[in-house]
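What follows is a set of notes on a single structure, which appears directly below.
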Protein chains: 2
Amino acid sequence: MTETETTDTSAGTCAGPPQGNRRPDGADTYTISEVAALTGLTAHTLRWYERIGLMPHIDRSHTGQRRYSNRDLDWLALVGKLRLTGMPVADMVRYAELVRSGDHTYTERFELLKQTREDVLSRIAELQDTLAVLDRKISFYADAGRAPASERAR
Amino acid sequence: MTETETTDTSAGTCAGPPQGNRRPDGADTYTISEVAALTGLTAHTLRWYERIGLMPHIDRSHTGQRRYSNRDLDWLALVGKLRLTGMPVADMVRYAELVRSGDHTYTERFELLKQTREDVLSRIAELQDTLAVLDRKISFYADAGRAPASERAR
DNA sequence: CGCTTGCTTGGAGTGCACTCCAGCGTTCTA
DNA sequence: TAGAACGCTGGAGTGCACTCCAAGCAAGCG
(Lines give C-alpha, C1' and ligand atoms only; values in the text may rest on other atoms or scores of the structure.)
Protein backbone atom coordinates (compact mmCIF):
# COMPACT_ATOMS: atom_id res chain seq x y z
CA MET A 1 0.00 0.00 0.00
CA THR A 2 1.51 3.27 -1.09
CA GLU A 3 -0.93 5.65 0.55
CA THR A 4 -3.07 5.06 3.59
CA GLU A 5 -5.85 7.59 3.02
CA THR A 6 -7.76 7.85 6.29
CA THR A 7 -9.67 4.64 6.77
CA ASP A 8 -12.59 6.93 7.47
CA THR A 9 -14.18 6.00 10.76
CA SER A 10 -14.58 9.61 11.86
CA ALA A 11 -17.30 11.02 9.63
CA GLY A 12 -20.00 8.78 11.02
CA THR A 13 -23.21 10.51 11.91
CA CYS A 14 -22.36 13.84 13.38
CA ALA A 15 -19.31 15.27 11.61
CA GLY A 16 -18.58 17.36 14.67
CA PRO A 17 -16.39 20.47 14.58
CA PRO A 18 -13.15 19.14 13.11
CA GLN A 19 -11.26 22.30 14.05
CA GLY A 20 -9.59 20.73 17.03
CA ASN A 21 -5.84 21.05 17.14
CA ARG A 22 -4.68 23.84 14.92
CA ARG A 23 -1.21 25.21 15.19
CA PRO A 24 -0.77 28.90 16.07
CA ASP A 25 -0.54 31.31 13.14
CA GLY A 26 3.06 31.69 12.06
CA ALA A 27 3.82 28.06 12.83
CA ASP A 28 0.94 26.82 10.73
CA THR A 29 2.09 24.31 8.18
CA TYR A 30 0.22 21.05 7.72
CA THR A 31 0.87 18.11 5.44
CA ILE A 32 -1.92 16.84 3.26
CA SER A 33 -2.67 13.93 5.57
CA GLU A 34 -2.90 16.24 8.57
CA VAL A 35 -5.40 18.35 6.70
CA ALA A 36 -7.26 15.20 5.73
CA ALA A 37 -7.50 14.25 9.39
CA LEU A 38 -8.60 17.74 10.40
CA THR A 39 -11.25 18.19 7.72
CA GLY A 40 -12.53 14.67 7.22
CA LEU A 41 -11.77 14.89 3.50
CA THR A 42 -9.39 12.40 1.93
CA ALA A 43 -6.01 13.45 0.55
CA HIS A 44 -7.36 12.44 -2.85
CA THR A 45 -10.17 14.92 -2.51
CA LEU A 46 -7.85 17.68 -1.35
CA ARG A 47 -5.67 17.21 -4.42
CA TRP A 48 -8.75 17.06 -6.60
CA TYR A 49 -10.10 20.30 -5.12
CA GLU A 50 -6.85 21.92 -6.08
CA ARG A 51 -6.91 20.54 -9.60
CA ILE A 52 -10.38 21.89 -10.29
CA GLY A 53 -9.54 25.34 -8.95
CA LEU A 54 -11.47 25.14 -5.69
CA MET A 55 -8.38 25.91 -3.61
CA PRO A 56 -6.12 28.94 -3.61
CA HIS A 57 -2.53 28.16 -4.49
CA ILE A 58 -1.15 25.96 -1.78
CA ASP A 59 2.41 26.46 -0.59
CA ARG A 60 4.89 23.74 -1.44
CA SER A 61 7.95 22.53 0.43
CA HIS A 62 11.30 22.78 -1.36
CA THR A 63 10.65 19.27 -2.70
CA GLY A 64 7.19 20.04 -3.95
CA GLN A 65 5.03 18.65 -1.17
CA ARG A 66 1.92 20.60 -0.19
CA ARG A 67 2.09 22.68 2.97
CA TYR A 68 -1.30 23.92 4.10
CA SER A 69 -1.81 26.95 6.35
CA ASN A 70 -4.49 27.98 8.83
CA ARG A 71 -5.92 30.19 6.11
CA ASP A 72 -6.31 27.14 3.90
CA LEU A 73 -8.04 25.36 6.75
CA ASP A 74 -10.45 28.27 7.09
CA TRP A 75 -11.20 28.09 3.40
CA LEU A 76 -11.80 24.36 3.63
CA ALA A 77 -14.14 24.92 6.55
CA LEU A 78 -16.18 27.32 4.43
CA VAL A 79 -16.17 24.91 1.52
CA GLY A 80 -17.37 22.19 3.85
CA LYS A 81 -20.26 24.32 4.98
CA LEU A 82 -21.23 25.28 1.46
CA ARG A 83 -20.94 21.69 0.36
CA LEU A 84 -23.52 20.51 2.82
CA THR A 85 -25.98 23.10 1.65
CA GLY A 86 -25.92 21.14 -1.59
CA MET A 87 -24.15 23.89 -3.52
CA PRO A 88 -22.59 22.35 -6.62
CA VAL A 89 -18.81 22.25 -6.66
CA ALA A 90 -18.83 24.29 -9.87
CA ASP A 91 -20.47 27.19 -8.01
CA MET A 92 -17.89 27.01 -5.27
CA VAL A 93 -15.19 27.11 -7.91
CA ARG A 94 -16.87 30.22 -9.29
CA TYR A 95 -16.69 31.81 -5.85
CA ALA A 96 -13.04 30.78 -5.50
CA GLU A 97 -12.31 32.44 -8.83
CA LEU A 98 -13.92 35.64 -7.63
CA VAL A 99 -11.77 35.61 -4.52
CA ARG A 100 -8.66 35.02 -6.61
CA SER A 101 -9.40 37.78 -9.04
CA GLY A 102 -9.23 40.46 -6.39
CA ASP A 103 -11.11 43.13 -4.53
CA HIS A 104 -13.12 44.41 -7.46
CA THR A 105 -15.31 41.30 -7.21
CA TYR A 106 -16.66 42.21 -3.79
CA THR A 107 -20.18 43.02 -4.90
CA GLU A 108 -20.41 39.90 -7.01
CA ARG A 109 -19.31 37.75 -4.09
CA PHE A 110 -21.78 39.57 -1.89
CA GLU A 111 -24.61 38.76 -4.29
CA LEU A 112 -23.52 35.15 -4.49
CA LEU A 113 -23.52 34.81 -0.72
CA LYS A 114 -26.93 36.43 -0.40
CA GLN A 115 -28.32 34.10 -3.01
CA THR A 116 -26.83 31.13 -1.21
CA ARG A 117 -28.35 32.35 2.00
CA GLU A 118 -31.77 32.37 0.34
CA ASP A 119 -31.19 28.86 -0.95
CA VAL A 120 -30.29 27.63 2.50
CA LEU A 121 -33.36 29.26 3.96
CA SER A 122 -35.66 27.59 1.48
CA ARG A 123 -33.94 24.25 1.96
CA ILE A 124 -34.54 24.56 5.70
CA ALA A 125 -38.19 25.30 4.99
CA GLU A 126 -38.45 22.23 2.77
CA LEU A 127 -36.92 20.09 5.46
CA GLN A 128 -39.30 21.39 8.09
CA ASP A 129 -42.13 20.55 5.73
CA THR A 130 -40.77 17.06 5.36
CA LEU A 131 -40.43 16.81 9.11
CA ALA A 132 -44.13 17.52 9.45
CA VAL A 133 -44.94 14.73 7.00
CA LEU A 134 -42.68 12.34 8.87
CA ASP A 135 -44.22 13.27 12.20
CA ARG A 136 -47.70 12.57 10.87
CA LYS A 137 -46.59 9.20 9.60
CA ILE A 138 -44.73 8.39 12.78
CA SER A 139 -47.68 9.15 14.98
CA PHE A 140 -49.85 7.07 12.68
CA TYR A 141 -47.55 4.12 13.14
CA ALA A 142 -47.34 4.76 16.87
CA ASP A 143 -51.14 4.74 17.16
CA ALA A 144 -51.68 1.82 14.83
CA GLY A 145 -49.19 -0.45 16.55
CA ARG A 146 -50.26 -3.79 15.26
CA ALA A 147 -53.95 -3.00 15.29
CA PRO A 148 -56.09 -4.34 12.42
CA ALA A 149 -55.00 -2.86 9.13
CA SER A 150 -58.12 -0.75 8.86
CA GLU A 151 -56.26 1.95 7.01
CA ARG A 152 -53.18 0.61 5.35
CA ALA A 153 -50.24 2.88 5.70
CA ARG A 154 -47.53 3.54 3.22
CA MET B 1 -38.65 13.18 -31.39
CA THR B 2 -40.59 10.26 -30.04
CA GLU B 3 -41.21 11.48 -26.53
CA THR B 4 -41.55 15.04 -25.32
CA GLU B 5 -40.62 14.65 -21.65
CA THR B 6 -41.59 17.93 -19.94
CA THR B 7 -39.23 20.60 -21.16
CA ASP B 8 -38.76 21.39 -17.51
CA THR B 9 -39.41 25.07 -16.92
CA SER B 10 -41.48 24.42 -13.79
CA ALA B 11 -38.95 23.24 -11.21
CA GLY B 12 -37.15 26.53 -11.02
CA THR B 13 -36.46 27.78 -7.54
CA CYS B 14 -39.44 26.94 -5.43
CA ALA B 15 -40.91 23.60 -6.51
CA GLY B 16 -44.24 24.57 -5.03
CA PRO B 17 -46.91 22.03 -4.07
CA PRO B 18 -47.51 20.16 -7.31
CA GLN B 19 -50.71 18.58 -5.98
CA GLY B 20 -53.00 20.86 -7.98
CA ASN B 21 -55.59 19.14 -10.09
CA ARG B 22 -56.21 15.64 -8.89
CA ARG B 23 -59.20 13.71 -10.01
CA PRO B 24 -61.68 12.48 -7.37
CA ASP B 25 -61.07 9.01 -5.96
CA GLY B 26 -62.82 6.42 -8.06
CA ALA B 27 -62.19 8.37 -11.25
CA ASP B 28 -58.50 8.59 -10.57
CA THR B 29 -56.51 7.28 -13.50
CA TYR B 30 -53.56 9.24 -14.84
CA THR B 31 -51.25 8.55 -17.74
CA ILE B 32 -47.53 8.65 -17.18
CA SER B 33 -47.22 12.11 -18.70
CA GLU B 34 -49.97 13.47 -16.48
CA VAL B 35 -48.14 12.14 -13.45
CA ALA B 36 -44.94 13.66 -14.78
CA ALA B 37 -46.67 17.04 -14.99
CA LEU B 38 -48.15 16.69 -11.52
CA THR B 39 -44.99 15.56 -9.76
CA GLY B 40 -42.29 17.37 -11.71
CA LEU B 41 -40.53 14.08 -12.38
CA THR B 42 -39.95 12.97 -15.95
CA ALA B 43 -41.71 9.94 -17.43
CA HIS B 44 -38.27 8.39 -17.68
CA THR B 45 -37.79 8.74 -13.96
CA LEU B 46 -41.22 7.34 -13.20
CA ARG B 47 -40.49 4.22 -15.25
CA TRP B 48 -37.08 3.96 -13.65
CA TYR B 49 -38.60 4.18 -10.15
CA GLU B 50 -40.81 1.28 -11.10
CA ARG B 51 -37.93 -0.78 -12.47
CA ILE B 52 -35.88 -0.43 -9.31
CA GLY B 53 -38.79 -1.33 -7.05
CA LEU B 54 -39.51 2.09 -5.65
CA MET B 55 -43.14 1.99 -6.81
CA PRO B 56 -45.94 -0.41 -5.94
CA HIS B 57 -47.34 -2.29 -8.90
CA ILE B 58 -48.95 0.23 -11.20
CA ASP B 59 -52.18 -0.61 -12.97
CA ARG B 60 -52.08 -1.06 -16.71
CA SER B 61 -54.66 -0.32 -19.41
CA HIS B 62 -55.81 -3.20 -21.63
CA THR B 63 -52.98 -2.30 -24.02
CA GLY B 64 -50.36 -2.27 -21.32
CA GLN B 65 -50.03 1.45 -20.65
CA ARG B 66 -49.51 2.62 -17.10
CA ARG B 67 -52.52 4.04 -15.29
CA TYR B 68 -51.61 5.78 -12.04
CA SER B 69 -54.06 6.32 -9.16
CA ASN B 70 -54.36 8.93 -6.42
CA ARG B 71 -52.73 6.43 -4.11
CA ASP B 72 -49.72 6.31 -6.41
CA LEU B 73 -49.60 10.10 -6.38
CA ASP B 74 -49.58 10.04 -2.57
CA TRP B 75 -46.69 7.61 -2.62
CA LEU B 76 -44.79 9.79 -5.08
CA ALA B 77 -45.38 12.79 -2.84
CA LEU B 78 -43.81 10.93 0.06
CA VAL B 79 -40.92 9.80 -2.10
CA GLY B 80 -40.41 13.39 -3.17
CA LYS B 81 -40.22 14.52 0.41
CA LEU B 82 -37.80 11.80 1.38
CA ARG B 83 -35.72 12.50 -1.68
CA LEU B 84 -35.09 16.08 -0.69
CA THR B 85 -33.93 15.04 2.73
CA GLY B 86 -31.05 13.43 0.85
CA MET B 87 -32.17 9.90 1.63
CA PRO B 88 -30.54 7.55 -0.86
CA VAL B 89 -32.89 5.90 -3.33
CA ALA B 90 -31.78 2.49 -2.10
CA ASP B 91 -33.16 3.29 1.37
CA MET B 92 -36.46 4.37 -0.11
CA VAL B 93 -36.58 1.11 -2.02
CA ARG B 94 -36.03 -0.67 1.27
CA TYR B 95 -39.01 1.15 2.76
CA ALA B 96 -41.10 0.33 -0.32
CA GLU B 97 -40.21 -3.34 0.12
CA LEU B 98 -41.34 -3.22 3.73
CA VAL B 99 -44.67 -1.73 2.68
CA ARG B 100 -45.09 -4.41 0.03
CA SER B 101 -44.29 -7.26 2.35
CA GLY B 102 -47.25 -6.53 4.59
CA ASP B 103 -48.40 -5.53 8.03
CA HIS B 104 -45.81 -7.50 9.97
CA THR B 105 -43.18 -4.93 8.99
CA TYR B 106 -44.87 -2.13 10.91
CA THR B 107 -42.26 -1.84 13.62
CA GLU B 108 -39.42 -1.91 11.15
CA ARG B 109 -41.02 0.86 9.12
CA PHE B 110 -41.60 2.77 12.33
CA GLU B 111 -37.92 2.55 13.23
CA LEU B 112 -36.90 3.59 9.77
CA LEU B 113 -39.14 6.64 9.91
CA LYS B 114 -37.84 7.63 13.33
CA GLN B 115 -34.28 7.31 12.13
CA THR B 116 -35.09 9.43 9.10
CA ARG B 117 -36.66 12.00 11.38
CA GLU B 118 -33.42 12.20 13.35
CA ASP B 119 -31.45 12.60 10.15
CA VAL B 120 -33.67 15.44 9.02
CA LEU B 121 -33.31 17.13 12.38
CA SER B 122 -29.55 17.02 12.27
CA ARG B 123 -29.50 18.20 8.68
CA ILE B 124 -31.60 21.18 9.71
CA ALA B 125 -29.13 21.89 12.49
CA GLU B 126 -26.23 21.74 10.04
CA LEU B 127 -27.98 24.13 7.73
CA GLN B 128 -28.67 26.57 10.52
CA ASP B 129 -25.02 26.41 11.40
CA THR B 130 -24.13 27.17 7.81
CA LEU B 131 -26.62 30.00 7.83
CA ALA B 132 -24.75 31.55 10.74
CA VAL B 133 -21.48 31.33 8.83
CA LEU B 134 -23.06 32.90 5.78
CA ASP B 135 -24.58 35.69 7.84
CA ARG B 136 -21.21 36.53 9.33
CA LYS B 137 -19.65 36.64 5.90
CA ILE B 138 -22.50 38.64 4.45
CA SER B 139 -22.31 41.26 7.15
CA PHE B 140 -18.57 41.43 6.65
CA TYR B 141 -19.07 42.15 2.96
CA ALA B 142 -21.84 44.63 3.75
CA ASP B 143 -19.57 46.52 6.18
CA ALA B 144 -16.47 46.32 4.01
CA GLY B 145 -18.17 47.64 0.91
CA ARG B 146 -15.21 48.69 -1.15
CA ALA B 147 -13.20 49.95 1.79
CA PRO B 148 -9.43 49.33 1.74
CA ALA B 149 -8.70 45.64 1.80
CA SER B 150 -7.41 45.78 5.34
CA GLU B 151 -8.59 42.32 6.06
CA ARG B 152 -8.99 40.33 2.89
CA ALA B 153 -12.09 38.25 2.87
CA ARG B 154 -12.57 34.83 1.41
C1' DC C 1 -55.33 5.46 -44.94
C1' DG C 2 -51.65 7.90 -43.45
C1' DC C 3 -49.90 10.98 -39.93
C1' DT C 4 -48.99 12.59 -35.49
C1' DT C 5 -48.69 11.95 -30.75
C1' DG C 6 -48.07 9.12 -26.89
C1' DC C 7 -46.57 4.95 -24.61
C1' DT C 8 -43.81 0.52 -24.43
C1' DT C 9 -39.18 -2.00 -23.61
C1' DG C 10 -34.09 -3.19 -22.52
C1' DG C 11 -30.02 -1.32 -22.56
C1' DA C 12 -26.68 2.27 -23.14
C1' DG C 13 -25.09 6.99 -21.91
C1' DT C 14 -24.46 11.24 -18.87
C1' DG C 15 -22.89 14.34 -15.16
C1' DC C 16 -21.38 14.86 -10.72
C1' DA C 17 -18.27 14.19 -7.02
C1' DC C 18 -15.22 11.79 -5.86
C1' DT C 19 -11.87 7.55 -5.63
C1' DC C 20 -8.24 4.85 -6.99
C1' DC C 21 -3.99 3.27 -9.46
C1' DA C 22 0.84 2.83 -10.98
C1' DG C 23 5.16 4.25 -10.64
C1' DC C 24 7.99 7.10 -8.69
C1' DG C 25 10.42 10.45 -5.17
C1' DT C 26 10.78 12.11 -0.11
C1' DT C 27 10.84 12.01 4.91
C1' DC C 28 10.92 9.97 9.27
C1' DT C 29 12.34 6.48 12.70
C1' DA C 30 15.30 2.93 14.56
C1' DT D 1 21.52 3.88 6.41
C1' DA D 2 17.82 0.78 5.84
C1' DG D 3 13.07 0.42 5.43
C1' DA D 4 8.52 1.91 6.26
C1' DA D 5 5.41 5.50 5.74
C1' DC D 6 4.06 9.38 3.25
C1' DG D 7 3.55 12.38 -0.93
C1' DC D 8 3.70 13.35 -6.01
C1' DT D 9 1.46 13.06 -10.88
C1' DG D 10 -1.89 12.14 -14.86
C1' DG D 11 -5.29 9.44 -16.00
C1' DA D 12 -8.66 5.87 -15.38
C1' DG D 13 -12.51 3.97 -12.64
C1' DT D 14 -16.72 4.10 -9.47
C1' DG D 15 -21.43 4.83 -7.71
C1' DC D 16 -25.44 7.31 -7.79
C1' DA D 17 -29.46 9.12 -9.89
C1' DC D 18 -31.05 9.80 -13.49
C1' DT D 19 -31.48 10.46 -18.87
C1' DC D 20 -31.73 9.07 -23.35
C1' DC D 21 -32.10 5.96 -27.42
C1' DA D 22 -34.05 2.91 -30.96
C1' DA D 23 -37.52 0.28 -32.52
C1' DG D 24 -42.01 -0.75 -32.19
C1' DC D 25 -47.14 -0.71 -30.87
C1' DA D 26 -51.61 1.93 -30.26
C1' DA D 27 -55.13 5.61 -30.42
C1' DG D 28 -57.16 9.79 -32.48
C1' DC D 29 -57.95 12.65 -36.57
C1' DG D 30 -58.70 14.73 -41.42
Side-chain angles (χ1 to χ4, degrees), chain A residues 1-11 15 29-55 57-68 72 76 79-96, chain B residues 1-8 11 15 29-55 57-68 72 76 79-96:
Chain A
M1 192 182 280
T2 19
E3 197 163 5
T4 316
E5 295 304 7
T6 65
T7 1
D8 192 2
T9 44
S10 64
T29 72
Y30 307 86
T31 65
I32 197 165
S33 61
E34 285 168 339
V35 175
L38 284 158
T39 60
L41 299 166
T42 69
H44 292 311
T45 301
L46 289 167
R47 286 189 283 255
W48 178 68
Y49 276 2
E50 205 175 324
R51 257 196 283 180
I52 63 173
L54 185 51
M55 295 297 294
H57 284 124
I58 300 297
D59 282 354
R60 296 293 181 121
S61 74
H62 68 107
T63 54
Q65 297 194 336
R66 289 171 182 80
R67 295 293 176 244
Y68 293 82
D72 299 325
L76 282 168
V79 165
K81 288 291 180 200
L82 292 179
R83 201 170 48 119
L84 58 77
T85 70
M87 180 187 273
V89 167
D91 291 6
M92 293 193 273
V93 171
R94 171 84 191 121
Y95 184 69
Chain B
M1 194 181 281
T2 20
E3 196 162 8
T4 316
E5 295 307 6
T6 66
T7 0
D8 193 2
T29 72
Y30 307 84
T31 66
I32 198 167
S33 61
E34 285 168 338
V35 175
L38 283 155
T39 59
L41 301 166
T42 68
H44 291 311
T45 302
L46 288 168
R47 286 190 282 255
W48 179 67
Y49 277 2
E50 205 175 324
R51 258 196 283 180
I52 64 173
L54 185 50
M55 295 298 294
H57 284 124
I58 301 297
D59 281 354
R60 296 294 179 121
S61 72
H62 68 108
T63 55
Q65 295 188 210
R66 289 170 181 81
R67 295 292 177 245
Y68 293 82
D72 299 325
L76 282 169
V79 165
K81 289 289 180 201
L82 293 179
R83 199 170 51 120
L84 57 78
T85 69
M87 179 187 272
V89 166
D91 291 5
M92 293 192 273
V93 171
R94 172 87 190 118
Y95 183 70

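Predicted, not measured: the structure shown is a model, and the values here were computed from it. Just so it is clear: chains get the letters A, B, ... in the order the sequence lines come, proteins before strands, and each one is counted from 1.
Between B:Ser33 and C:dC7, a side-chain N or O to OP1/OP2 separation shorter than 4.0 Å is present. Regarding contacts with the backbone of C:dC18, a side-chain N or O of A:Tyr49 is found under 4.0 angstrom from either OP1 or OP2. Distances shown here put every side-chain N or O of B:Thr31 at or beyond 4.0 Å from the OP1 or OP2 atom of C:dG6. Put simply, B:His44 has no side-chain N or O that comes within less than 4.0 Å of OP1 or OP2 on C:dC7.
In this structure, B:Gln65 places its CD atom 10 Å from P of D:dG28, rounding to the nearest Å. Between the CG atom of A:Leu54 and the P atom of C:dA17 there is a distance of 10 Å, given to the nearest Å. We find that CD1 of A:Ile32 is positioned 15 Å from P of C:dT27, with the value rounded to whole Å. Atom CE of A:Met55 and atom P of C:dC18 are 13 Å apart (whole Å). Between A:Met87 atom CE and C:dC18 atom P the separation is 14 Å, expressed in whole Å. Look at CZ on A:Arg47: it is 18 Å from P on D:dA12, rounded to the nearest Å. Distance CD1 (A:Ile52) to P (C:dC16): 11 Å, rounded to an integer number of Å. In this entry the distance linking CG of A:Leu46 with P of C:dA17 reads 16 Å, nearest Å.
Of all the heavy atoms in A:Thr29 and A:Glu34, the pair that sits closest is O-OE1, 4.0 Å. In plain terms, the two heavy atoms of B:Leu41 and B:Tyr49 that are nearest each other are CD1-CE2, 3.8 Å. Nearest heavy atom pair, residue B:Asp72 against residue B:Arg67, reads OD2-O, 4.3 Å.
Nearer the 5' end of DNA chain C, as judged by each residue's closest nucleotide, is the contact made by A:Trp48, out of A:Trp48 and A:Arg67. Between A:Arg66 and B:Gly86, it is A:Arg66 whose nearest contact on DNA chain D lies nearer the 5' terminus.
In this structure, the separation between CZ on A:Arg60 and CD on A:Gln65 is 9.0 Å, given to the nearest 0.5 Å. Summarising the geometry, atom NZ belonging to A:Lys81 is positioned 13.5 Å from atom CE belonging to A:Met92; distances are rounded to the nearest 0.5 Å.
Of all nucleotides listed (D:dA17, D:dT19, D:dC8), D:dT19 comes nearest to the side chain of B:Thr45. For B:Thr63, the side-chain atoms get nearest to D:dA27 when compared with the rest of C:dC18, D:dG7, D:dA27.
Residue B:Arg51 places a side-chain atom within donor-acceptor reach of the base of C:dG11, judged by atom type and a 3.5 Å distance cut-off alone.
Among the protein residues, A:Arg60 comes within range of the sugar-phosphate backbone only, with heavy atoms under 4.0 Å from sugar or phosphate atoms but none that close to a base. Residue B:Arg83 is classed as a sugar-phosphate contact, given heavy-atom separations below 4.0 Å to backbone atoms only.
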